[in-house]
Amino acid sequence: MQQFDAVIIGAGLSGLRALYRFREAGLKVVVLEASEEVGGVWNHNRYPGARCDVESYDYSYSFSPELEQEWRWSERYPTQPEILRYINHVADRFDLRKDIETDTKMTSAVYDESDALWTIRAEDGRTWVARNLVLCLGQLSATKLPDYPGLAAFRGEVIHSGNWPRRKVDFAGKRVGIIGTGSSGMQMTPVIAGTAAHVTVFQRTPNYSVPAANAPLTDEEDLRVKQHYQERREQCRNSPTGLGFMPPKTKTLEAPEAERNAAFEEAYHRLGFGFALVYPDILLEKPANDVASDFLRRKMAERVKDPVVREKIVPHDHPFGARRPSVDSGYFEALNRDNVELADVREHPIVEFTAEGIRTDDRLHELDMVIFATGFDALTGALLRPEIIGRNGMTLREKWASGPLTQLGIGVSGFPNMLIVVGPGSPSILTNVMVSIEEQVDWLAALLSGMKTRGEIEIEATEAAEQEWTNHVQERAHQTLYMTTNSFYNGGEIKGKPRVFMPYSGGVRNYRRHLKDCAEAGYAGFELR
Ligand code: N01
């Protein structure tokens, strides 16, 4: 059986980037992809209105200046179909498909300590042998479907936003229920409301949202960005979130009120996520956050006409940014439509599904279709679904029973030659993920090609280093407001999931420094054999 230097699992944005870079570094690589197509979450989240809330010029690969120049984005915030076209273009442009096995779902990976090799098995029984197992499974790819009583009895159609059907879904004349008001629920509601007979939005936790300020990109703007693309990339890499925003030095409450309101107003209309970085302490200190949260509450309320609905959609239970805010395109205006209704499931919880629809504790909502926009088992979900077995027969599930432990988000002790991209312990979900992907993949390519040249066959995180890094990730999070509420960042929104902060909140620039220091110290915190 042929042996690979690396088997990469997943052909989304990180898997494709890893394939390109590893191949360029002279490694023999194959990618296994469960779906029939490349694209990862952008292949699966085909719901109407799906759109990226990072600007298109920044949510793209930086490894090829030619690619940067030839691809023409059409809008400031790209739609899912446009991103999927981009990903497919990259796959063709760099001849990636010849090393990708689609329709190949990894079910297990077992490490053989005697020869330092992984054996990876797919659902159909095929196996691959590789020195390294590189997990590019995504941060938000394992869907979360609540198990309501009576769900199987419901006569209508049930769809999860993160596993949208390939065929066209027709809403005309239908009564549609949407459960969840995170980014997915907020993005799809205005679009579905445009054709459905009636939409009921089932809201549990009100979510902060900033309008997308989307617009078509003109040729002049495109030219301007492309003339200075490298500077723009550098600015992203050196900004805390990889989005290019640099917070000023002035703290929120130090700014005079009129000046502060003007700064909020401008950011609200122009920056999307950047709103959180208008001042450096918004995500760190409650008094500063209160001012920003109040501003947003007022703005959100102004967009809703019905005073009862207005009161319900305004979040009072968590600070702005402690959970992932949305960047919406007309969500609150959609709530003003005659055919849209908000059902507050905190006030009247869902009791069960029936053949006709959803019964809350006050009434029956008759529906023809229910869409679960209920989110994902974030960061660890996709990594823990397959059976991954390291040294001494230990599974990754056992190892992470009390929460994920990693050295730099990349390696796990007891799991030699298993390398994770944008998983827990890395900036991933808190950043422009493209920047995070590229940092990690380039670092891994240098690591693996260096090892190959030196004849080293095994790399493993030390227990001491992974404990130290995991503690550091926790400490950083406790310096912020992220642990003041339950969220998919800290596992608190899934019953039974360990409540630990998973992503690294120190920013992409600090993270890059940690990676660099580690490599320069001969991969400190890892043992190479
Ligand atoms: O998921 P979410 P999402 N009964 O977890 C509710 C990325 N993304 O798919 O908080 C009733 O944010 C839940 O309520 P609660 C982005 O990172 C990116 O919307 O559990 N409600 C919440 O309102 C985003 O943040 C883009 O009380 C239930 C909602 O479902 C992430 O994906 C676009 C419930 C889930 O919100 C996830 O977004 C879209 C239940 N049993 C998504 N269970 C980009 O633009 C859950 N909820 C890049």
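Computed from heavy atoms alone, side chains included, the values below leave out hydrogens, waters and symmetry copies. We count ligands from 1, going down the list as the structure has it; atoms in each ligand are counted the same way.
- Between the side chains of H269 and E265, at least one donor N or O sits under 3.5 Å from an acceptor N or O.
- N88 and R97 share a donor-acceptor pair across their side chains, judged by distance under 3.5 Å alone.
- Legend: residues meeting side chain to side chain contact (heavy atoms under 4.5 Å, CB included) with A213, ordered by chain and number and at least two apart, are R76.
- Residue Y59 is tested with W42, W73, F273 for a ring-ring contact (aromatic ring centres under 6.0 Å, His included); the sole match is W42.
- Closer than 4.0 angstrom to ligand 1 lie heavy atoms from W42, Y47, R51, C52, D53, L140, P146, Y148, I179, G180, T181, G182, S183, S184, Q187, R204, T205, R323, R324, A373, T374, G375, F376, F488.
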>> Let's go through E438 and Y61 carefully: what are the C-alpha distance in whole Å and the side-chain angles of both, what is the deciding distance for side chain to side chain donor-acceptor pair (under 3.5 Å) to 0.1 Å, and is it a yes or a no?
In response: CA-CA 8 Å; E438 296 205 311; Y61 293 122; over 6 Å; no
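- Ring orientation note: the planes of F372 and H160 are close to parallel, at an angle under 30° on the 30°/60° scale.
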